[in-house]
Amino acid sequence: MNPSAALSTRLPLYLRLMRLDKPIGILLLLWPTLWALWLAADGVPPLDVLVIFVLGTVLMRSAGCVINDYADRDFDGHVERTKQRPLVTRAVSVREALMLASGLAAVSFVLILPLDSLVMWLSVPALFLAASYPFMKRFFAIPQAYLGIAFGFGIPMGFAAVQGEVPAVAWLLLLANVFWAVAYDTEYAMVDRPDDLKIGIKTSAITFGRFDVAAVMLCYAAAFGLIALVGLEAGRGAYFFAGIAVAAGIAVYHYLLIRGRERAPCFKAFLHNNWVGFALFVALVADYVAFPAA
């Protein structure tokens with residue numbers, strides 16, 4: 001088989017391994033990054049920085065998915081939702097997966113070379129977080145909190161790219177993202193709870209037990225409360241806080257979906273978190289248009 005034919009055969013498998021056919025992870029990683037860029041730049045982020053961060057988000061989420069499947073390759077075959085993943089079925093080898101993840105991470109690093117040197121220094125813990133998260137399910141009772149840090153590390157990097165520093169408000173926004181991630185990823189974990197109990201993986205859905213629904217709603221409340229504090233610190237106006245109210249309304253809808261703890265509605269609630277991030281972003285953009293920074 002010639003190289004081009006081989007690539008055309010392997011490419012669909014690599015795209016599945018990178019989860020590019022399921023963009024929800026990219027969006028959940030992208031929204032907090034965009035919030036940070038808009039806040040850091042007072043509503044007008046530089047176009048080159050914006051492009052770099054959007055591309056970097058896609059690449060690093062893809063690399064994270066590959067590492068996740070590598071870490072879980074001996075577990076995913078026992079979970080109904082994941083048993084057909086390429087590493088489980090051996091359609092893609094371990095060597096191929098590790099080379100793919102390394103290549104994606106390398107391209108991501110090259111992308112940030114034109115940015116402030118602080119961004120490059122922050123990329124080191126960002127890479128560590130992305131690579132180590134899949135293994136946290138063996139040790140941490142609530143690995144979703146670790147995911148929130150990993151998924152939110154574009155926040156301090158975004159501030160560093162625009163301002164050359166990471167102010168306190170950036171870390172406050174990162175903390176808000178941790179609570180949001182625990183909320184939406186617990187909804188996700190509720191889908192797999194029966195399988196995870198069998199194979200011994202730790203998740204927040206298992207840790208919270210019968211208080212899982214209450215914990216999800218409290219995490220939403222904490223996230224929105226912290227985001228409101230960020231808005232106050234940034235001098236945001238009515239549009240932004242209206243967006244928080246819309247996001248809270250969406251969270252109430254999620255309560256209606258997850259209270260029965262059924263797989264399909266819980267998964268629907270998880271996917272629906274895209275609209276939480278979108279609502280907050282649109283509100284932030286609209287607020288800067290209506291109330292430009294002084």
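With a 4.5 Å cut-off on side-chain heavy atoms, Asn68 and Arg85 count as touching. When side chains are defined from C-beta on, Leu226 does not count as touching Leu173, because their heavy atoms never get closer than 4.5 Å. Within the 4.5 Å cutoff, the side chain of Val166 has heavy atoms near those of the Leu122 side chain. Tyr239 has its side chain out of reach of Val285: every pair of non-hydrogen atoms, C-beta onward, lies at least 4.5 Å apart. Looking at heavy atoms from C-beta onward, Asp192 lies out of side-chain contact with Thr203 at the 4.5 angstrom threshold. Side-chain contact between Arg193 and Arg261 is present, with at least one heavy-atom pair separated by less than 4.5 Å. Side-chain atoms of Cys266 and Arg263, non-hydrogen and from C-beta on, never get closer than 4.5 Å to each other. Tyr184 is listed as a side-chain neighbour of Phe151, based on a closest heavy-atom distance under 4.5 Å.
Linking Ile, Leu, Val, Met, Phe, Trp and Tyr whenever their side-chain heavy atoms come within less than 4.5 Å puts Phe139 and Tyr133 in one cluster. Under the 4.5 Å side-chain heavy-atom criterion for grouping Ile, Leu, Val, Met, Phe, Trp and Tyr, Leu59 is connected to Ile24 within one hydrophobic cluster. Cluster annotation: Leu113 is connected to Ile52 through the hydrophobic network of ILVMFWY side chains, with a link wherever side-chain heavy atoms come within less than 4.5 Å. When hydrophobic clusters are built by joining Ile, Leu, Val, Met, Phe, Trp and Tyr residues whose side-chain heavy atoms come closer than 4.5 Å, directly or via intermediates, Leu257 is not grouped with Phe211. Cluster annotation: Val169 is not connected to Val44 through the hydrophobic network of ILVMFWY side chains, with a link wherever side-chain heavy atoms come within less than 4.5 Å.
Between the side chain of Asp287 and the main chain of Gly237, a donor-acceptor pair closer than 3.5 Å is present. For Asp212 (side chain) and Ala205 (main-chain N/O), no donor-acceptor pair under 3.5 Å exists by modelled atom type. Thr207 places a side-chain N or O within 3.5 Å of a backbone atom of Ala141 that can act as its donor or acceptor partner. Without hydrogens or angle criteria, Arg73 side chain to Tyr70 main chain gives a donor-acceptor distance under 3.5 Å.
Separating the CG atom in Leu284 from the CG atom in Leu39 is a distance of 5.0 Å, to the nearest 0.5 Å. Distance check, rounded to the nearest 0.5 Å: CZ of Phe53 to CG of Leu30 gives 11.5 Å. Distance check: Met18 CE to Leu11 CG gives 8.5 Å after rounding to the nearest 0.5 Å. Residue Arg61 holds its CZ atom at 11.5 Å from CG of Leu104, rounded to the nearest 0.5 Å. Between the CG atom of Leu174 and the CD1 atom of Ile149 there is a distance of 6.5 Å, given to the nearest 0.5 Å. The CZ atom of Arg19 sits 4.0 Å away from atom CG of Asp69, with the distance rounded to the nearest 0.5 Å.
Residue-environment remark: CZ (Phe291) exceeds the threshold of 12 foreign heavy atoms within 6.0 Å. Met99 CE: 12 or fewer foreign heavy atoms inside a 6.0 Å radius.
Taking every heavy atom of both residues into account, Asn177 and Gly148 meet most closely at ND2-O, 3.0 Å. Nearest heavy-atom pair, Trp180 versus Val276, reported as atom, atom and distance to 0.1 Å: NE1-CG1, 3.6 Å. Closest approach of Leu118 to Asp116, counting heavy atoms only: N-OD1, 2.9 Å. Shortest non-hydrogen contact noted between Val66 and Ala101 is CG1-CB, 3.9 Å. Taking every heavy atom of both residues into account, Phe159 and Ala40 meet most closely at CD2-CB, 3.5 Å. Of all heavy-atom pairs spanning Leu115 and Ala161, the tightest one is CD1-CB, 4.2 Å.
Taking the six-membered ring for Trp and thresholds of 30 and 60 degrees, Phe140 and Tyr146 have ring planes more than 60 degrees apart, a perpendicular arrangement.
Shown here are the side-chain contact (heavy atoms from CB on, under 4.5 Å) partners of Ser93, two or more places apart in sequence or in another chain: Arg95, Glu96.
Its side chain within the 4.5 Å cluster rule, Leu127 clusters with Met60 among the Ile, Leu, Val, Met, Phe, Trp and Tyr residues.
Checking each of Phe267, Trp275, Tyr220 against His254 for a ring-ring contact (aromatic ring centres under 6.0 Å, His included) leaves exactly one that passes, namely Tyr220.
For Trp35 and Phe281, the ring centers are positioned 6.0 Å apart or more.
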